[in-house]
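Worksheet: one structure, shown below.
Below, read A as the first sequence line, B as the second, and so on, with proteins coming before strands; counting in each chain starts at 1.
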Amino acid sequence: MTNVHDASPDGVVVRARGLLGRTLHGHGAAVRITEVEAYGGIEDPASHAFTRTPRSEIMYGPPWRLYVYRSYGMHWCANVVTGPSEIAAAVLVRAGEVVDGLETARARRGGVADVALARGPGNLARALGLSVDDLGTDLLTGDGVRLGPAPEVSPPISEGPRVGVSKAADVPWRFWIAGDPTVSAYRRSPRAATAPGQDVER
DNA sequence: TAGGCGATGACCT
DNA sequence: GGTCATCGCCTAC
C-alpha cells in the first residue's frame with residue numbers, strides 16, 4: 001500500500017485519493033475537489049485509454065496533464081492524467097466545492113444551489129469554464145488551469161463503485177470526501193452488467 | 001461513410 | 001428514485 005510505484009494499479013488509487021481536498025483552478029473560478037474516480041488506463045476496460053486512439057493519446061503522455069473529453073455530445077468532463085506514460089492512468093474529477101470565483105461559477109451554472117455548482121463531471125467543467133481548449137494543459141505549471149497544493153490535513157475519505165461506467169463498474173475506485181454535500185449521488189450505468197453480490201452502499 | 005456508443009444531466013413522478 | 005432526452009465523437013469497415 002505504501003508501494004506508490006507508478007506502475008502499480010495502487011499508484012492510481014493513491015493519486016486519486018491524493019487529489020481529494022486539493023484545489024483545481026479553472027478560468028475565473030476554482031473548486032476544492034471532493035469527488036474523484038480512478039481509471040487504470042490500459043488495464044482498465046472502463047478507461048478511454050484501454051484502447052489506444054488519437055483521443056486517448058494524451059493520457060499516454062506526461063502526467064499531470066488535463067484530459068478533457070465530451071460526453072453525450074454536450075457535457076465536458078475533466079480528467080487529471082496521473083501517468084506513467086506506459087499505463088495511461090487518469091483520474092476523473094467528478095465534483096467539487098467552489099471556493100473561488102463563486103459569482104463566475106454561478107453565472108455559468110445559471111442559478112442552481114451553490115453546493116450543486118460543481119456537482120457532476122459535466123457541471124464541474126462548466127463551472128470552471130473548461131473545454132477542449134484546455135486539453136493537454138500542464139496542471140502544475142499552467143497559468144490558467146492548474147492544481148493547488150495538497151491540504152495540510154487529509155480529509156476523511158469514503159470509497160465505492162464508479163458511477164456511470166458500463167465496464168468494470170464493480171471496481172471500488174470512486175473516492176469522495178465523507179459527508180461532503182457537493183458529492184454527486186451514486187448512479188449505476190444503465191449498461192452496466194449486474195454485479196452479483198456487489199451491493200451498493202449507502 | 002456509417003453506425004455505435006458514451007466516465008451525463010435534467011426532469012418528472 | 002427512476003426515466004428519458006441529447007449530440008457529437010470515435011471506431012470500425
Side-chain angles (χ1 to χ4, degrees), chain A residues 9 12-13 15-17 19-20 24 26 31 33-60 65-83 87-96 98 105-136 139 159-176 181-195 198-202:
Chain A
V12 181
V13 172
R15 293 199 180 188
R17 296 171 67 105
L19 282 174
L20 290 174
L24 179 62
V31 301
I33 299 173
T34 59
E35 183 186 2
V36 299
E37 278 179 12
Y39 287 86
I42 58 175
E43 298 178 348
D44 185 354
S47 172
H48 287 178
F50 186 65
T51 306
R52 187 164 187 164
T53 65
R55 178 178 67 157
S56 61
E57 190 65 32
I58 182 70
M59 288 191 278
Y60 289 81
R65 294 292 185 87
L66 191 66
Y67 167 52
V68 180
Y69 71 94
R70 205 181 344 258
S71 178
Y72 288 79
M74 55 187 113
H75 310 295
W76 292 105
C77 296
N79 295 248
V80 177
V81 177
T82 60
I87 303 301
V91 176
L92 169 68
V93 183
R94 291 194 53 84
V98 177
R106 282 173 177 163
R108 285 173 176 150
R109 294 283 290 118
V112 302
D114 284 355
V115 293
L117 286 175
R119 178 156 56 195
N123 291 332
L124 182 141
R126 194 185 310 171
L128 293 180
L130 300 177
S131 72
V132 70
D133 292 337
D134 302 299
L135 182 65
L139 295 173
E159 66 177 50
R162 293 182 290 191
V163 179
V165 298
S166 56
K167 300 170 185 174
D170 55 332
V171 179
W173 278 6
R174 170 174 173 251
F175 307 97
W176 66 92
T182 64
V183 174
S184 55
Y186 173 75
R187 179 176 53 181
R188 193 180 184 82
S189 168
R191 289 185 165 282
T194 303
Q198 189 63 260
D199 288 340
V200 176
E201 62 172 65
R202 71 203 267 295

Heavy atoms from C-beta onward define the side chain here; which of dA10(B), dC9(C), dA7(B) lies closest to that of His48(A)?
dA7(B)

Distance, rounded to the nearest Å, where His75(A) contributes NE2 and dA7(B) contributes C1'
12 Å

In Tyr39(A), Tyr67(A), Tyr69(A), the residue satisfying side-chain hydrogen bond (donor to acceptor under 3.5 Å, both in side chains) with His48(A) is Tyr67(A)

In whole Å, what is the span from the CH2 atom of Trp76(A) to the P atom of dC9(C)?
8 Å

Closest non-hydrogen contact found for Trp173(A) with Val13(A) is NE1-CG2, 3.4 Å

Any sub-3.5 Å donor-acceptor pair from Arg119(A)'s side-chain atoms to Pro181(A)'s backbone N or O?
yes

Let's test this: given Watson-Crick or G-U wobble pairing with both distances under 3.5 Å, identify the partner of dC4(C).
dG9(B)

For Arg109(A), answer base if it contacts any base atom (sugar-phosphate contacts may also be present), sugar-phosphate if it contacts only those atoms, and nothing otherwise; contact means non-hydrogen atoms under 4.0 Å.
sugar-phosphate

Here the distance between atom P of dG6(B) and atom CZ of Arg162(A), to the nearest Å, is 14 Å

Tell me: CG of Leu92(A) to C1' of dG6(B), nearest whole Å?
13 Å

With a non-hydrogen cut-off below 4.0 angstrom, is Asn123(A) in contact with a base, only sugar-phosphate, or nothing?
sugar-phosphate

Over how many whole Å does the gap from Arg126(A) atom CZ to dT6(C) atom P extend?
16 Å

Would you kindly check whether a donor in the side chain of Tyr69(A) faces an acceptor in the base of dA7(B), or vice versa, at under 3.5 angstrom?
yes

Kindly say whether Val132(A) contributes a backbone atom to a donor-acceptor pair with the side chain of Arg70(A) at under 3.5 angstrom?
no

Starting at CZ of Arg108(A) and ending at C1' of dG9(B), how long is that distance when rounded to a whole Å?
19 Å

How many Å lie between CE on Met74(A) and P on dA5(C), as a whole number?
12 Å

Length of the CZ-C1' vector between Arg55(A) and dG6(B), whole Å:
8 Å

Between dA12(C) and dA7(B), how far apart are the P atoms? Round to whole Å, please.
16 Å

Looking at dG9(B) and Tyr72(A): do their rings stack (centroid distance under 5.5 Å, interplanar angle under 30°)?
no

Would you please confirm or rule out a distance under 4.0 Å between OP1 or OP2 of dA7(B) and any side-chain N or O of Arg70(A)?
no

Can Lys167(A) and Asp44(A) be counted as an ion pair, charged N to O under 4.0 angstrom?
no

